[in-house]
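Here the structure is laid out as structure tokens; the discussion comes afterwards.
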Amino acid sequence: MSSKAEQLPVYSLHNFSSPERESQQFQVEVFDAKRHFSVKYPHRHDFFEVLYLMKGSGFHVIDSNKYEIKPPCIFFMSPGQAHKIEFSTDIEGFIFIFTADFYLANRSNQNSLIEFPFFYNLHQDNPPLQLQEQGDVRFLEQLFLRSISELENNRSNLLDSLRSLLDLILTTCTSRYKTEENLETKGKGYLLVKRFYQLVEESNYRNLSLKEYAAQLAVTPNHLTQTVKHYTGKTSSQIVKAKQVMEIKRLLVHTNLNVSEIAQQFNFEDQSYFTKFFKRESGFSPLQYRSEMAR
């Protein structure tokens, strides 16, 4: 069993990008067992990720959901999500990681990235796209290979070329990614909920009130709650609390931080209130939960 960390690692894109490149807003490369990893699992990213697996087996755990790797398949991750991946030595595929700034550059619609159904999913899960048609498998493989080639050749229009290739990857996957979201009427309410999820991921440790979340989204707390309830069946407060509890559990299991230190990370000034909050939401005190998970 690996030793616990003092913190759950958060990796930025520069941890994975070539050091000689000034812009650290993207990276696309082959993903296999030989790929060098200087990261610890589980960890989280502050960027978007598209992982296309064409061969191999294993499991991919994203937040609290565990998925079996059944190639050919594509996994999508949004910033803030924690994950760990266990794969066989014959794993083969490609990975494209990028920041929102990279994708959204020169785009008039700044919501276009979160409009994709697999980023900040309303149902808070990340099932992989299982490719069914050999034509799709070959087409997407060629898009990744072309992206890698463009990066290696470093042409003058590199950024525009890579943005176009990435957009083609994402739009192709969208038309084949079947979720309940594809059936829902898209509109301002749908985007509001997506932006709320994005904000919760970014601000989870700040322990913001519902009023503060609503203010950042330029709506009233009541409007936010009604809209979130309509699209998800849950209230805004339920989603915020569930995210907090999930993160607290992760720190209790995977780090050596004591209860007081975890309470401080989540901006709880009173450790007693923090303990009561966690027990009310999880059924365990923090120490009880850590002890249960250690068995």
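Here the structure is a predicted model, which means the values were calculated and not measured.
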(Q) Does S88 form a side-chain hydrogen bond (donor to acceptor under 3.5 Å, both in side chains) with D90? I'd like the steps, not just the answer. (A) CA-CA 5 Å; S88 57; D90 63 341; 2.4 Å; yes
Q: Applying side chain to side chain donor-acceptor pair (under 3.5 Å), name anything that partners Q81, two or more places apart in sequence or on another chain.
A: D63, N126
Q) Is it true that a side-chain atom of S175 and a backbone atom of T172 form a donor plus acceptor pair closer than 3.5 Å? A) yes
Q: Count the heavy atoms of every other residue, nucleotide or ligand shown that sit under 6.0 Å from NZ of K234, and state whether that count exceeds 12.
A: no
Q. So, Y177 side chain and P127 main chain: donor-acceptor pair closer than 3.5 Å or not?
A. yes
Q. Taking the six-membered ring for Trp, are Y11 and H43 parallel (under 30°), tilted (30 to 60°) or perpendicular (over 60°)?
A. perpendicular
Q. Looking only at atom types and distance, does a side-chain atom of Q271 sit under 3.5 Å from a main-chain N or O of A263, one as donor and one as acceptor?
A. no
Q | Evaluation steps, side-chain contact (heavy atoms from CB on, under 4.5 Å), between F87 and L53 | A | CA-CA 10 Å; F87 49 78; L53 298 176; over 6 Å; no
Q | Test side chain to side chain donor-acceptor pair (under 3.5 Å) applied to Q142 - qualifying residues, sequence neighbours left out | A | none
Q) Any side-chain heavy atom of F118 sitting closer than 4.5 Å to one from V50? A) no
Q.
Could you check whether R250 pairs with E247 (Lys NZ or Arg NE/NH1/NH2 to Asp/Glu carboxylate O, under 4.0 Å)?
A. yes
Q: Flag the pair Y289 / V253 as yes when at least one side-chain heavy-atom distance between them is below 4.5 Å, and no otherwise.
A: yes
Q) Of all residues at least two apart in sequence or in a different chain, which pass the ring pair (Phe, Tyr, Trp, His ring centres under 6.0 Å) check with F196? A) Y213
Q | Pairwise side-chain contact, H254 with P42, heavy-atom cut-off 4.5 Å (strictly under) | A | yes
Q: Kindly write out the residues that satisfy ring pair (Phe, Tyr, Trp, His ring centres under 6.0 Å) with F94, not counting sequence neighbours, or none if the list is empty.
A: F144
(Q) A side-chain contact here means heavy atoms from C-beta on lying under 4.5 Å apart; do P286 and F274 qualify? (A) yes
Q. Within a strict 4.5 Å, meaning less than it, do heavy atoms of the R195 and N111 side chains meet?
A. yes
Q | Residues forming a side chain to side chain donor-acceptor pair (under 3.5 Å) with S12, sequence neighbours excluded | A | D46
Q: Using ring pair (Phe, Tyr, Trp, His ring centres under 6.0 Å) as the criterion, list what pairs up with F266, not counting sequence neighbours.
A: Y205
(Q) Would the distance check show the side chain of R44 and the main-chain N or O of P79 forming a donor-acceptor pair, the cut-off being under 3.5 Å? (A) no
Q. Shortest non-hydrogen contact from L104 to Q110?
A. O-NE2, 3.2 Å
Q: Please report the closest heavy-atom contact between S285 and K279, naming both atoms and the distance.
A: N-CG, 4.1 Å
Q: Measure the shortest side-chain to side-chain distance between L166 and F102 over non-hydrogen atoms and say whether it is less than 4.5 angstrom.
A: yes
Q: State, to 0.1 Å, how close S147 and L162 come at their nearest heavy-atom pair, and which atoms those are.
A: O-CD2, 3.5 Å
Q. Within a strict 4.5 Å, meaning less than it, do heavy atoms of the L192 and Y231 side chains meet?
A. no
Q.
Same cluster or not: M246 versus V240, using hydrophobic residues (I, L, V, M, F, W, Y) connected whenever any side-chain heavy atoms lie under 4.5 Å apart?
A. no
Q: May I have the step-by-step check of side-chain contact (heavy atoms from CB on, under 4.5 Å) for V259 and F278, ending in yes or no?
A: CA-CA 11 Å; V259 175; F278 184 78; over 6 Å; no
Q | CG on N204 to CG on L199, rounded to 0.5 Å | A | 10.5 Å
Q. Atom CG in L251, atom CG in N256: separation rounded to 0.5 Å?
A. 11.0 Å
(Q) Check this for me: E269, atom CD, are more than 12 non-hydrogen atoms of other residues, nucleotides or ligands nearer than 6.0 Å? (A) no
Q) So if you build clusters from Ile, Leu, Val, Met, Phe, Trp, Tyr with side-chain heavy-atom gaps below 4.5 Å, do F59 and F75 land together? A) no
Q) Taking all non-hydrogen atoms of both residues, which atom of I169 and which atom of F96 are closest, and how far apart? A) CD1-CD1, 4.2 Å
Q. Are V61 and V10 linked, directly or through other ILVMFWY residues, by side chains that come within less than 4.5 angstrom of each other?
A. no
(Q) Working to the nearest 0.5 angstrom, can you tell me the gap between S236 OG and H223 NE2? (A) 10.0 Å
Q. Taking the six-membered ring for Trp, are Y197 and Y120 ring centroids under 6.0 Å apart?
A. no
Q: Mind listing the closest non-hydrogen atom pair of K70 and Q130 along with its distance?
A: O-NE2, 2.8 Å
Q) What distance separates I148 CD1 from Q27 CD, expressed to the nearest 0.5 Å? A) 9.0 Å
Q: State whether the side chain of D270 and the backbone N or O of Y273 hold a donor-acceptor pair below 3.5 Å, judged by distance alone.
A: yes
Q: Let me see the working for F119 and L170 under side-chain contact (heavy atoms from CB on, under 4.5 Å), right down to the final yes or no.
A: CA-CA 10 Å; F119 293 136; L170 296 176; 4.1 Å; yes
Q. What's the spacing between K241 NZ and F277 CZ if we round to 0.5 Å?
A. 6.5 Å
Q | Beyond-backbone contact of K249 with S282, side-chain heavy atoms, under 4.5 angstrom | A | yes
Q.
Is it the case that atom CZ in R146 sees more than 12 heavy atoms from other parts of the structure closer than 6.0 Å?
A. no
Q: Measure across Q124 and I239 and return the closest heavy-atom pair with its distance rounded to 0.1 Å.
A: NE2-CG2, 4.1 Å
(Q) Does atom NZ (K243) have a neighbourhood of more than 12 heavy atoms from anything else shown, all under 6.0 Å? (A) yes
Q) Should M54 and L143 be counted in the same cluster of Ile, Leu, Val, Met, Phe, Trp and Tyr side chains packed under 4.5 Å apart? A) yes
(Q) Closer than 3.5 angstrom, by distance alone: can the side chain of S149 be matched with the main-chain N or O of L145 as a donor-acceptor pair? (A) no
Q) Please walk me through it: do F76 and F116 pass side-chain contact (heavy atoms from CB on, under 4.5 Å)? A) CA-CA 10 Å; F76 307 89; F116 290 114; over 6 Å; no
Q. Do L191 and V193 sit in the same hydrophobic cluster, where Ile, Leu, Val, Met, Phe, Trp and Tyr count as joined when their side-chain heavy atoms come under 4.5 Å apart?
A. yes
Q | Interatomic spacing from CG in N207 to CD in Q244 - rounded to 0.5 Å | A | 5.0 Å
Q) Would T220 and N222 count as having a side-chain donor-acceptor pair, cut-off 3.5 Å? A) no
